[in-house]
There are 2 protein chains.
Amino acid sequence: MAGTRSTERRERLRAETTAEIKRTALGLMGSGGPDAITLRAIAREMGMTANAIYGYFATRDDLVTVLIADVYTALADAVDAAWAATAQGGPAERIQAWAHAFRDWALANPEGFRLIYGDPVPGYRAPAGGAAPDAARRVCVGIAALADTAWGGAERSHGDGDFGWDDFDPGLLDKVRPAFPALPPAGVALALRIWGHLHGLVTLEIYGHLRAQTLSPDKLFHAELTQLVRSLGLHAQRAGSDEGVLEY
Amino acid sequence: MAGTRSTERRERLRAETTAEIKRTALGLMGSGGPDAITLRAIAREMGMTANAIYGYFATRDDLVTVLIADVYTALADAVDAAWAATAQGGPAERIQAWAHAFRDWALANPEGFRLIYGDPVPGYRAPAGGAAPDAARRVCVGIAALADTAWGGAERSHGDGDFGWDDFDPGLLDKVRPAFPALPPAGVALALRIWGHLHGLVTLEIYGHLRAQTLSPDKLFHAELTQLVRSLGLHAQRAGSDEGVLEY
DNA sequence: CACTCGACTATACGGCGTGAAGTTTATGTA
DNA sequence: TACATAAACTTCACGCCGTATAGTCGAGTG
């Protein structure tokens, strides 16, 4: 019994140190960007030697991989929460809430966004599989939910393009098809395209490319969403001051 | 006279070495990604000492800045050429040609794309001003040309959003307004949004995030363009096999 | 000839990831 | 309690990086 308990204690300490390493790494990332994630800096911050970290992560890339998974999960949580919070709302409202949550998270965590979607750290190459693709898929499924919600009105304008199920990754379909049985292949393609639209605008903004062109990226993103819900055959039904031009 | 000539010779040698440094750096980038651009590796490749490069570039970031400008210019050249090559074509054809040139260049030069739009090199921070923003602006002006070409039909659906000239960077407007006098602020916003759409899809593809979801990014991009020209009030008039659904 | 100046090398510093070996401390057992 | 073991951690070392400083060498000019 005593043996078991002390083993537990060791494991608890180990888990705590692992968490502290991750916490420290994220802190460094927040203040100095993804590049600041170095084993030596983490160890310095923790009062350890850099090599001590090798007892917890086999390599620096392993640590980065875990961090990416964590941060990506946080992003997925944020957008899922926005989606769930508007469960009572209309499609247009929910889609806008989702998209705003996406951008707001990115603006609040630019370094995390760069860690997930950019070249995270000097020589880092993502391994195949793991927790990060799971989070990526969660985000994709979230966008598929947008597409599914709007598919009734969007089908007329987005229904073509000769997509088949074999155009998509089986792992994605395993999650999408059961969740949205009514969504056809073209709907999944629409979801990926919407993802691309939002990702592009946010990426340009986060990386500073947009800032050199427009002074009000907020307005641009808002216009994007207005146009998005419109092109999906929905009418904007939030913020009554906006001109709610009904096109379809 | 002899003095002048030898001065010329020196300058010629100097320019040649500068060009070789840049060429070597781009070669390393092509084989090992932007991270492979290190002064020591370049010097090794050239049979020099790393410090010799400091005679040509004050710092590694200076070299990277120049490389970014060069590569960005190459991208701008590519899309401009596609635009010019279809001067006789219809708006839809030209827009699709431009967008395809953009994606094709990115797929042919993924490392260059990452250099331009990602975190180029470990600690690199872009300086304010310089040649790279010029190339960026050229690309933006190119997209403004797309928007201008299609504005007649697009105004109805994209004309709102209460944009004013003061929402945009003066430097951009200096180039856009003279070139496209008929394009209102909302048209510039449309251009930036289109840029975002294309950038997002291409970025996701280049960085491998799309590959995990769809097996045919080509088809997705094609669908995007089909939908783009449609939403601009144009009809697809290329590749007759495609279903040319006229919506507007 | 001596002088200058540009191109380049040598050396050095601190920082990085990481491997090998050694040390300390806690744990489990006889 | 005494000993063996294993985990946690440190020390030292290697090769990589950017870059600062000082020195070398050769061609051009007076």
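Quick note on labels: first sequence line is chain A, next is B, and so on, each numbered from 1.
- Rounded to whole angstrom, the span from the OH atom of B:Tyr54 across to the P atom of D:dA20 amounts to 6 Å.
- For A:Leu28 and C:dG15, the CG to P distance is 15 Å, given to the nearest whole Å.
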Using a cutoff of under 3.5 Å, can you pull out all pairs of nitrogen or oxygen atoms linking the protein to nucleotides 11-13 of chain C, with atom names and distances?
| unit_1 | atom_1 | unit_2 | atom_2 | d |
| --- | --- | --- | --- | --- |
| C:dT11 | O4 | B:Asn51 | ND2 | 3.4 |

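- Residue pairs meeting the salt bridge (charged side-chain N to carboxylate O under 4.0 Å, His left out) criterion with at least one partner in residues 17-30 of chain B, sequence neighbours excluded, are B:Lys22-B:Asp70.
- For A:Arg44, taking side-chain heavy atoms from C-beta onward, the closest of the listed nucleotides C:dG15, D:dC17, D:dT19 is C:dG15.
- To the nearest angstrom, P of D:dA6 lies 15 Å from CZ of A:Arg14.
- Here the side chain of A:Asp148 pairs no donor or acceptor atom with the backbone of A:Ala144 at under 3.5 angstrom.
- DNA chain D is contacted by no residue of residues 19-27 of chain B, taking any non-hydrogen atom closer than 4.0 Å.
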N/O donor-acceptor pairs under 3.5 Å from side chains in residues 170-180 of chain A, not counting sequence neighbours:
none

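- Remark: A:Asp80 pairs with A:Arg138 by the salt bridge (charged side-chain N to carboxylate O under 4.0 Å, His left out) rule, at least two apart or across chains.
- Side-chain contact check for A:Asn109 versus A:Val71: every heavy-atom pair is 4.5 Å or farther apart.
- Across the interface with DNA chain C, nearest-nucleotide mapping of B:Ala50 and A:Thr38 shows B:Ala50 to be the residue nearer the 5′ end.
- In this structure, CD1 of A:Ile37 is placed 13 Å from P of C:dC16, rounded to the nearest angstrom.
- Put simply, CG on B:Leu39 is 19 Å from P on C:dG15, counting in whole angstrom units.
- Judged as a ring-ring contact (aromatic ring centres under 6.0 Å, His included), and not counting sequence neighbours, the contacts of B:Tyr117 are A:His209, B:Tyr72, B:Phe113, B:His199.
- The side chain of B:Thr59 has D:dT19 as its nearest neighbour among C:dG17, D:dC17, D:dT19.
- Protein atom CZ of B:Phe57 is 16 Å distant from nucleotide atom C1' of C:dC8, rounded to whole Å.
- Residues satisfying the side chain to side chain donor-acceptor pair (under 3.5 Å) test with B:Lys219, not counting sequence neighbours, are A:Asp167.
- When the nucleotides D:dT19, C:dC8, D:dC9 are ranked by their closest atom to the side chain of B:Met48, C:dC8 comes out on top.
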For residues 49-58 of chain A, please give each side-chain donor-acceptor pair under 3.5 Å, one per line with the distance, not counting sequence neighbours.
none

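- For the salt bridge (charged side-chain N to carboxylate O under 4.0 Å, His left out) test, no residue two or more places apart in sequence or in another chain qualifies with A:Arg94.
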